[in-house]
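Here is the structure we will look at.
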Amino acid sequence: MFDAVDTNASFAKMEEVVLAYWEHEQIFAQSLEQRRGGQPYVFYDGPPFATGLPHYGHLLAGTIKDVFPRYQTMRGRYVERTFGWDCHGLPIEALAQDKLGLAGAPAIRDCGVDVFNEQCRSMVLRYVKEWQQTVNRMGRWVDFEHGYKTMDSTFMESIWWVFKQLWEQGRIYRAHRIMPYSWKLNTPLSNFEANSNYQDVQDPAVTVRMKILDRDFPGCAGLTTYVLIWTTTPWTLPANLAACVGPDIRYCVVRDGDSNDAYIVAKERLSAYYKHESEYTVLHECAGAELVGCHYEPIFPYFAGHANAFCILSDGYVTTTDGTGIVHQAPAYGEDDYRVCRAANIELVDPLDDDANFLPVVADFAGVNCKEADKAIIRMLKQHGKLVQQSTIVHSYPFCERTDTPLIYRAIDAWYVKVEDLHERLIKNNAQTRWMPDFVGEKRFANWLAEAKDWNISRNRFWGSCIPVWINVEDPADTICVGSIAELEALSGQKVSDLHKHFIDCIEIRRDGKLYRRTPEVLDCWFESGSMPYAQHHYPFANREKVEGAFPADFIAEGLDQTRGWFYTLMLISTMLFDKPAFKNVVVNGLVLAEDGRKMSKRLKNYPDPRTVIDSYGADALRLCLLASPAVRAEDLRFSEVAVREVMRTVLIPLWNAHCFFVTYARVDGWVPPAGQAAPPAAPENVLDSWVLSRLSATVQDVRSALDNYDLQRGATRFTSFLDDLTNWYIRRSRRRFWKSDNDTDKGDAYATLHYTLVTLCQLAAPFTPFITETIYRNLRTDAMPASVHLCDYPEVQTAYLDTALNERMARTMSAVSLGRFLRTQASQKIRQPLASAVLVSAKAAVRADLEQMASVVAEELNVKAVLVQADEESLVSLSAKPNLKRLGPKLGPKMKLAMPAIAALSSADIASLRQGESLALTLADGTALTLSEDDVLIQRTEKEGMCVANEGDITVALDTRLTAELIQEGNAREVVSKLQNLRKELHFEVTDRIHICYSAPVALSRAIEAESAYICAETLALSLTAGDCADMHAVDINEVPARFHLRKA
RNA sequence: GGGCGCGUAGCUCAGUUGGUUAGAGCGCGUCUCUGAUAAGGACGAAGUCCCUGGUUCGAGUCCAGGCGCGCCCA
């Protein structure tokens, strides 16, 4: 016997019960154990930082990461799922710095790298418990216990192995690069990090003049000539080493009316400096190329005499969109500057310390922070007559994400991985990966791979995997790369237990009388996450076979923002190590935005707490809401609590109530499924049973194909649309079959069909909504079936049940019913009022045959005494023809425009002959002869005026709305039954309770009730129906006639 | 500045190889059904399919250019 169920169950509470059951019975472990030996389905989990709580983006990705492993497990695959944690990097360092009150790298060194790193270690896992709770509450099955951490020694040793592989391939090199630099954190940042916090700021914009030393331009005799440069970073002027012009840009030498000096400015920029042409005189005009080689007097004296410096260079990057068209070059502080100066053999100078304060060499501003020095520098320029113009500019400028201080660009010593020779291999390997949606892989990612730049992998930080390179203190070119702990122990003669910086930096290597110390940088943590396929299993030091057998992964899933993150580093490292892609299938999810379309923000509080949402609607509702959204196709999703509620109302509640309905009547009748697997009747006689089984099979086919193609949205919507057909057609149409008190075959078939359908639907939906399906399945299962729905095999497509003709027949029936309902509304005849007849008309024999078979369904649904099916539609509708554009368009081309009116003008006789298969000759306005056949036109029907007729496509329905006294009496009886049923419900009677009814009504109505008393009693399970007065009578309206009823249990 | 994506009803979104009158849900209004349902059904109001141009007999759909938004990069 099934357990009684509560229609008003709280899904959130139900889910808690399921979680306890899974935990207690170790269902996840069982689901794995059961598939041990099955073909593995390999899933890699991207490691999150545990420095914050999980948000909707994590819940979305986490749900996607749960559906496919569950699905594949049910398909028989062995799917291990281990969680991972990203432990290193700036997020955690920033937290530790706050905690210890340390401002930057020097402060960290002062307090001790060991203290700092141990602080990091102690904080890394601070939110692990919360993560675990949330992930678990969402119903995601993943192994936390054996999860990997990027700070584990085993993980870090594998990182060294990976590094050494690249080293031996000659891919690791050291270079200068211009990078965004945070002086607060004393570290260069990746461009990725630098781009995440642009702010609009006001900066000075100064135009400075530099005296030309060794060139006389025509017409400048007796004048001092200056080249004008423009910059928004005055602090870079002390490090100025050159000026750059565009080779093809036109420049003018003008006599400045104010100063009577000669200035060199781009011709196009003159108007920016002079309001009127009268303010200057053009002395000479030339191309930028002619200016190259001029020397000028350094603005500041600090680097006077620097080799090859203080001359005019040229390069194509110079534009005339702002400034003077001449760009000042400080090679330490700009990528283009660096490149241009390097080509001119000018060594950079970088007079800033780690905090970006000026070094003593810049005597006037020594110790001053560069940005703060701007004002003093401008003042000094003014004093020395070098400032031509001063203004401010508001522009978007990158700021440090962690500290909100401005970033500067400066030259940094860095370690690089050579990538630029790998483009073809990367693209080839990416072509072996299936992306969902495809454009992310085929366009976005492929384009990125095609232009991938060498990868800066070093970070001048503390808490991370160390770059395992030891450098000869005497000769920086002499290096040793260490690839394992054993290697380091052998080289150093010391025992090594931990690979973090504070354990490793003190280890020195002596070889052949030379001393080697480690390079101080740590690795970019993307290097670690990209190495996770190997490092999570301590490859190749352990688990060689396991890793090699489980590579590449069958499936990964992350957000669109990982295109250049994890997706890239995985693909890059696997290509470099094994020349293979790291994953075969990847689902990319979009961003989850707040309801207002903006990013979710804790400060703005523009989104509901996930826990509140789960507690109100349940994790299933949240999961399905996310899974059925465009967010699973890499599109943005505006998340709204209302949408979650909607999913609960329209999917979970109907599913739950279908279950309640079934269980309620099965308990009344004591129906139990036969032992063994759930099974439908062998040969269902009722067309509803065959139909719902056919629909179910089609749905199984659809959902399987959707999931096999990683299309979650399609999968989710297919099973929900089936649910709609199940509840609002199959169950509604079948209700009476369950109420009937005699246990005949039809009733048994109904129970067996619905039981099988619900069980199968639960199995089908289990990967999407694991809780409610588990609850329902557990109540419906037989002893022979697995204890949990998640231990079941995924439903197979039952081709024997598939009947497309039947599906079409039922679709036609629904269409006829829908038309009939419309007519009732038009005629203001509610469904409870029986009518004499409905006429279903179609000229197509196949349609008529279908409708005839289903006539009883239509009659019942429309509450008519008789349903007639006939062929003659012309008494009800008038026919007209339209061209079938799909057929005629390609045939006629431009003549289509002439054919349209000719076809519209066809008479009903013409149409009739076409429909009898005859062809029809037309002459178009331009004399073209055209022969039409039936397929060339579409026949349209218009309801004739004044009749109760409705048409849709091939089907026309007419309703006889005339009422007889008999029909009215029946209508009243049905109204009475309806009111009585409502009263039963209000009085909380059980569906099986027998009752006695006492009523009082006006004479006419009383007579009707008396006449229909047998029917009324049968419907309401009444043992008696007597007229008279008694206490506690309920007043009701029966078609606007007042009446009173009293009900009591028998 | 570049790459990619998105732009359809008040809101969230469907819309097949170009084809006839552009759909659904939510919300709103008027009805209705119901002994599983917090549900369902009917009708109604609500559209410059972002704009411009092109290809075509025919464009929400294809092409080009632009505008707006997002992600990634520079």
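Below, read A as the first sequence line, B as the second, and so on, with proteins coming before strands; counting in each chain starts at 1. These numbers come from a predicted model, not from an experiment.
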*Taking for each residue the nucleotide of RNA chain B bearing the nearest heavy atom, is the 5' side occupied by K443(A) or by T727(A)?*
K443(A)
*So what does N884(A) touch, heavy atoms closer than 4.0 Å: a base, only the sugar-phosphate, or nothing?*
base
_Which nucleotide in G5(B), U12(B), U37(B) has an atom nearest any side-chain atom of R638(A)_ = U12(B)
*Once the angle between the rings of F738(A) and F661(A) is folded into 0 to 90°, is it parallel (under 30°), tilted (30 to 60°) or perpendicular (over 60°)?*
perpendicular
*If the C1' atom of A22(B) is compared with that of A9(B), how far apart are they to the nearest Å?*
11 Å
_Nearest-Å distance once atom P is located in both A24(B) and C63(B)_ = 28 Å
*Between U32(B) and G58(B), how far is it from one P atom to the other, in whole Å?*
49 Å
_Say we look at U8(B) and C51(B): how far apart would their C1' atoms be, to the nearest angstrom?_
15 Å
*Given atom CD of E451(A) and atom P of G1(B), what is their separation to the nearest angstrom?*
18 Å
*Indicate, with a heavy-atom threshold strictly under 4.0 Å, whether L591(A) touches base, sugar-phosphate, or nothing.*
sugar-phosphate
*Roughly, in whole Å, what's the span from CG in N728(A) to C1' in A36(B)?*
11 Å
*Taking atom types as they are modelled, is there a donor-acceptor pair under 3.5 Å from the base of C71(B) to the side chain of R444(A)?*
yes
*Please determine, by modelled atom types, if R714(A) and S705(A) share a side-chain donor-acceptor pair under 3.5 angstrom.*
yes
*asked:* What is the separation between atom CE on M179(A) and atom P on A74(B), rounded to the nearest whole Å?
replied: 10 Å
*What is the distance from CD of E860(A) to P of C33(B), rounded to the nearest Å?*
17 Å
*Touch class at under 4.0 angstrom, heavy-atom based, for P437(A) against every strand present*: nothing
*Is L888(A) touching bases, backbone alone, or none of the nucleic acid, heavy atoms closer than 4.0 Å?*
nothing
*Name the closest nucleotide to the F661(A) side chain, picking from A39(B), C4(B), A36(B).*
A36(B)
*If G44(B) has a Watson-Crick or G-U wobble mate with both distances under 3.5 Å, name it; if not, just say none.*
C28(B)
*Mind checking the P distance from G27(B) to U21(B)? Whole angstroms is fine.*
31 Å
*Quick one: closest heavy-atom pair of P654(A) and L723(A), and the distance?*
CB-CD2, 4.5 Å
*Considering non-hydrogen atoms only, spot the tightest contact between L60(A) and G590(A) and give its length.*
CD2-O, 3.8 Å
_Is the distance from the ring center of Y416(A) to that of W455(A) below 6.0 Å?_
no
_N/O (side chain, R633(A)) to phosphate O (OP1/OP2, A14(B)) under 4.0 Å_ = yes
*Between I776(A) and I772(A), is a side chain to side chain contact (heavy atoms under 4.5 Å, CB included) present by the stated rule, with each step listed?*
CA-CA 6 Å; I776(A) 296 174; I772(A) 191 171; 3.9 Å; yes
*Compare the minimum distances between each of C4(B), C26(B), A39(B) and the side chain of V642(A), then state the nucleotide with the smallest one.*
C26(B)
*Could you pick out which residue, Y665(A) or P883(A), lies toward the 5' side of RNA chain B when each is mapped onto its nearest nucleotide?*
P883(A)
*Whole Å only: how far is the CD atom of E442(A) from the P atom of G5(B)?*
10 Å
*Rounding to the closest angstrom, what is the interatomic distance between U30(B) and A36(B) at atom C1'?*
27 Å
_Can you see if the side chain of R732(A) gets near the phosphate of A36(B) - specifically, an N or O under 4.0 Å from OP1 or OP2?_
no
*With C1' as the reference atom in both, quote the distance from A39(B) to C4(B) in angstrom, rounded to an integer.*
42 Å
*Between R649(A) and A39(B), is there a side-chain N or O to OP1/OP2 distance below 4.0 Å?*
yes
*L754(A) CG - U37(B) C1' separation (whole Å)*: 14 Å
*How many Å lie between OH on Y751(A) and C1' on A36(B), as a whole number?*
12 Å
*ring pair (Phe, Tyr, Trp, His ring centres under 6.0 Å) between Y665(A) and Y751(A): does it pass, once the steps are laid out?*
CA-CA 9 Å; Y665(A) 289 97; Y751(A) 276 121; 7.9 Å; no
*asked:* Could you identify the nucleotide paired to C62(B), looking across every strand shown and requiring Watson-Crick or G-U wobble geometry with both distances under 3.5 Å?
replied: G54(B)
*asked:* Taking pairing as Watson-Crick or G-U wobble with both contacts under 3.5 Å, can you name the mate of A36(B), or confirm there isn't one?
replied: none
_In whole Å, measure the gap between the P atoms of G66(B) and U12(B) for me._
28 Å
*Nucleotide nearest N657(A) (side chain, heavy atoms from C-beta), chosen from C71(B), G3(B), A36(B)*: A36(B)
*Answer yes or no: is there a donor N or O on one side and an acceptor on the other, between the side chain of N589(A) and the main chain of A634(A), under 3.5 Å?*
no
_With a 3.5 Å limit on both atom pairs, tell me what C4(B) is paired to, counting Watson-Crick and G-U wobble, or say none._
G70(B)
*Sugar-phosphate, base or nothing in reach of A658(A), heavy atoms under 4.0 Å*: base
*Check the distance between C69(B)'s P and L637(A)'s CG and give it to me in whole angstrom.*
20 Å
_Nucleotide of A38(B), C26(B), C13(B) approaching E646(A) most closely (side-chain heavy atoms)_ = C26(B)
*Just call it for W448(A): base, sugar-phosphate, or nothing, with non-hydrogen atoms closer than 4.0 Å on any strand.*
sugar-phosphate
